[in-house]
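Per chain, numbering begins at 1; letters A, B, ... match sequence-line order.
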Number of protein chains: 2
Amino acid sequence: MKDTCPVLEVCVVMFTVQDSRLQVLLSQQPQSSWHLPVLAVEPHPSLESAALACLTNCTGLTEAYLEQLYSYSDCSGQAGRRRVMVAYFALLPSDQPSTGGACRQEAAWHPVDAPPPLGDNHGEILKYALRRLRYKLEYTAVGFELLPETFSLSELQRTYEIILGEKLDKRNFRRRILEAGVIEPTNVQRMGEGRPARLFRYRADAVAEVKARRLFP
Amino acid sequence: MKDTCPVLEVCVVMFTVQDSRLQVLLSQQPQSSWHLPVLAVEPHPSLESAALACLTNCTGLTEAYLEQLYSYSDCSGQAGRRRVMVAYFALLPSDQPSTGGACRQEAAWHPVDAPPPLGDNHGEILKYALRRLRYKLEYTAVGFELLPETFSLSELQRTYEIILGEKLDKRNFRRRILEAGVIEPTNVQRMGEGRPARLFRYRADAVAEVKARRLFP
DNA sequence: TCAAAAGTGTTACCAGTACACCCATGG
DNA sequence: CCATGGGTGTACTGGTAACACTTTTGA
């Protein structure tokens with residue numbers, strides 16, 4: 001086996017909302033710094049499926065929103081041995097069984113606004129993933145992926161506020177999200193502390209990507 | 001050498017504007033269909049530099065706008081041998097010596113709106129690159145990369161029209177592009193068929209990415 | 001003096017934003 | 001009946017889009 005044979009890995013930045021904060025799953029090998037969960041592509045048929053396997057390893061979930069972020073290369077390891085890391089990010093619904101015991105590595109959720117120091121270039125990858133998430137949230141409907149299958153409009157708004165880090169106007173939020181036609185009401189109501197909330201669900205047939213107004217004419 | 005050792009390659013979708021059309025550089029091995037230019041990553045220190053080398057091979061240019069697009073994996077080659085292709089796209093100024101003889105493969109420019117059939121998944125990659133280019137053009141200043149160092153506002157507008165495939169209003173275009181502050185006038189004028197045009201240049205200190213208004217409140 | 005391209009302002013409309021009160025339920 | 005969160009409409013304002021003529025040069 002030549003040592004020019006490259007090492008191919010995927011890593012997955014897994015986001016979820018818990019305790020009113022956006023959280024990311026990090027793992028830690030003994031005596032080492034924290035890292036994003038990483039998996040060798042080797043036994044898997046494709047990059048996608050390796051990323052999904054990484055997610056399943058860590059959370060027990062067999063599906064989630066998963067999107068390729070970027071590919072990084074690195075030659076600084078064993079002399080001449082190239083490492084290529086394909087980074088993904090994933091969004092997990094906040095009601096799912098998060099860190100299943102199935103996770104081989106020691107993993108835990110960390111708030112993204114105060115993560116521990118990360119090894120390799122994982123800090124950079126996390127920053128980029130967060131930027132992509134915020135950016136994407138602004139012009140697509142991807143925010144639903146962080147919620148249970150049905151949710152109230154207030155919950156949805158809170159999710160947006162948590163990720164974007166700013167307060168939003170309730171009436172404007174509702175009007176726009178409804179006009180965009182990406183969610184539909186169910187007949188179910190949820191009883192809570194105050195007046196019951198009507199529950200909504202994501203419309204499977206909705207166009208995910210809505211075109212924003214462009215800068216240039 | 002194990003046959004699980006993955007093949008790592010880059011391909012580069014090179015765009016330029018010629019003859020009032022957006023063109024892409026394709027290459028053709030003897031007796032084979034057209035492909036995007038491809039290069040093995042192997043001898044290069046990083047994915048980036050491999051992509052740049054691919055570009056230099058084909059055009060003689062040693063720099064250009066270059067951006068990573070996506071990574072594709074494929075197991076359908078020799079049994080079990082994994083291929084990973086990292087795709088880039090590049091923008092070449094329309095005045096540069098395009099297909100330098102330095103290109104080892106037989107390469108030629110093709111209009112993107114009527115490309116020949118492409119092998120592998122290169123048709124898909126090209127389509128994606130074009131989508132990204134159009135999309136990017138709408139909210140960043142990347143369009144300048146397709147022009148010479150100095151250019152008139154009309155030339156700039158024509159470039160935008162060619163890529164976006166629609167006519168734009170002259171006054172609105174000028175107002176907005178000037179307000180955005182990404183270009184500055186030079187003292188040079190260019191004589192032509194009619195009234196001379198003032199030439200502009202891209203401002204190196206300009207913020208490349210301008211935030212567009214967002215969909216959700 | 002004609003053709004060809006460069007350059008220049010104003011108006012109308014629509015969409016985004018700001019804003020305050022009533023409603024339904026549980027305790 | 002009170003506290004809690006859910007739900008609703010309007011007026012203003014700022015940005016976007018539509019639009020036509022004058023200017024400068026070369027032939």
Side-chain angles (χ1 to χ4, degrees), chain A residues 17 19-20 94 137-141 147-148 150-162 164-201 210-217, chain B residues 17 19-20 94 137-141 147-148 150-162 164-201 210-217:
Chain A
V17 172
D19 305 323
S20 300
S94 55
L137 204 67
E138 291 180 348
Y139 66 96
T140 72
L147 286 171
T150 64
F151 47 84
S152 73
L153 289 180
S154 298
E155 289 168 336
L156 182 59
Q157 182 175 346
R158 270 192 293 275
T159 302
Y160 271 82
E161 289 175 337
I162 288 167
L164 297 177
E166 62 184 301
K167 252 190 122 27
L168 303 173
D169 181 89
K170 182 158 59 161
R171 280 174 290 190
N172 292 338
F173 181 84
R174 285 167 187 241
R175 178 159 20 86
R176 283 213 221 165
I177 208 102
L178 292 175
E179 278 172 3
V182 287
I183 61 177
E184 58 185 10
T186 66
N187 295 323
V188 189
Q189 293 201 327
R190 170 180 306 151
M191 300 300 165
E193 288 217 35
R195 172 173 171 177
R198 156 156 268 175
L199 295 185
F200 289 76
R201 88 165 65 85
V210 189
K211 198 173 176 66
R213 186 183 59 188
R214 49 195 216 206
L215 172 63
F216 294 115
Chain B
V17 172
D19 306 323
S20 300
S94 55
L137 205 66
E138 290 179 350
Y139 66 95
T140 73
L147 286 170
T150 64
F151 47 85
S152 73
L153 289 179
S154 297
E155 289 167 339
L156 183 58
Q157 182 175 346
R158 269 193 294 277
T159 302
Y160 271 82
E161 288 175 339
I162 287 168
L164 297 178
E166 62 184 303
K167 254 190 120 26
L168 304 174
D169 181 88
K170 181 158 58 160
R171 281 173 290 190
N172 291 338
F173 181 83
R174 286 167 186 241
R175 181 164 13 90
R176 283 215 222 165
I177 207 102
L178 290 176
E179 278 172 0
V182 287
I183 60 177
E184 59 186 6
T186 66
N187 294 324
V188 189
Q189 292 203 328
R190 171 181 303 153
M191 301 300 163
E193 288 215 39
R195 171 173 170 177
R198 155 157 270 176
L199 295 185
F200 289 76
R201 88 164 65 85
V210 190
K211 199 175 176 67
R213 189 182 57 190
R214 48 196 217 207
L215 172 62
F216 293 116

Residue pairs meeting salt bridge (Lys or Arg N to Asp or Glu O under 4.0 Å), one or both in residues 185-195 of chain A, sequence neighbours left out, come to E155(A)-R190(A)
To the nearest angstrom, the CG-P distance between L199(A) and dG6(D) comes to 11 Å
* Given dG5(D), is OP1 or OP2 found less than 4.0 Å from the side-chain N or O atoms of S154(A)? -> no
Rounded to whole Å, CZ of R174(B) lies from C1' of dA20(D) at a distance of 15 Å
To the nearest angstrom, the CZ-P distance between F200(A) and dG6(D) comes to 12 Å
Scoring nucleotides 19-27 of chain C by protein non-hydrogen atoms under 4.0 Å (B base, S sugar-phosphate only, - none) yields BB--BBBS-
Rounded to whole Å, CD of E161(B) lies from C1' of dA5(C) at a distance of 14 Å
When rounded to the nearest 0.5 Å, the distance separating CG of D169(B) from CZ of R175(B) is 8.0 Å
Whole-Å distance, L156(A) CG to dG7(D) P, equals 12 Å
Rounding to 0.5 Å, atoms CZ (F173(B)) and CG (L153(B)) come to a distance of 7.0 Å
note: E166(B), atom CD; dA18(D), atom P; distance rounded to Å ~ 10 Å
Taken to the nearest whole Å, CZ/F151(A) to C1'/dG6(D) is 16 Å
Value for CD (E161(B)) from OG1 (T159(B)), rounded to nearest 0.5 Å, stands at 9.0 Å
Atom pairs and distances, donor-acceptor, side-chain atoms in residues 177-188 of chain B, under 3.5 Å, two or more places apart:
unit_1  : atom_1 : unit_2  : atom_2 : d
E184(B) : OE2    : R201(B) : NH1    : 3.0
T186(B) : OG1    : V188(B) : N      : 3.2
T186(B) : OG1    : L199(B) : O      : 2.8

When rounded to whole Å, the CZ to C1' distance for the pair R190(A) and dT4(D) reads 16 Å
To the nearest 0.5 Å, atom CG of L168(B) lies from atom CG of L156(B) at 10.0 Å
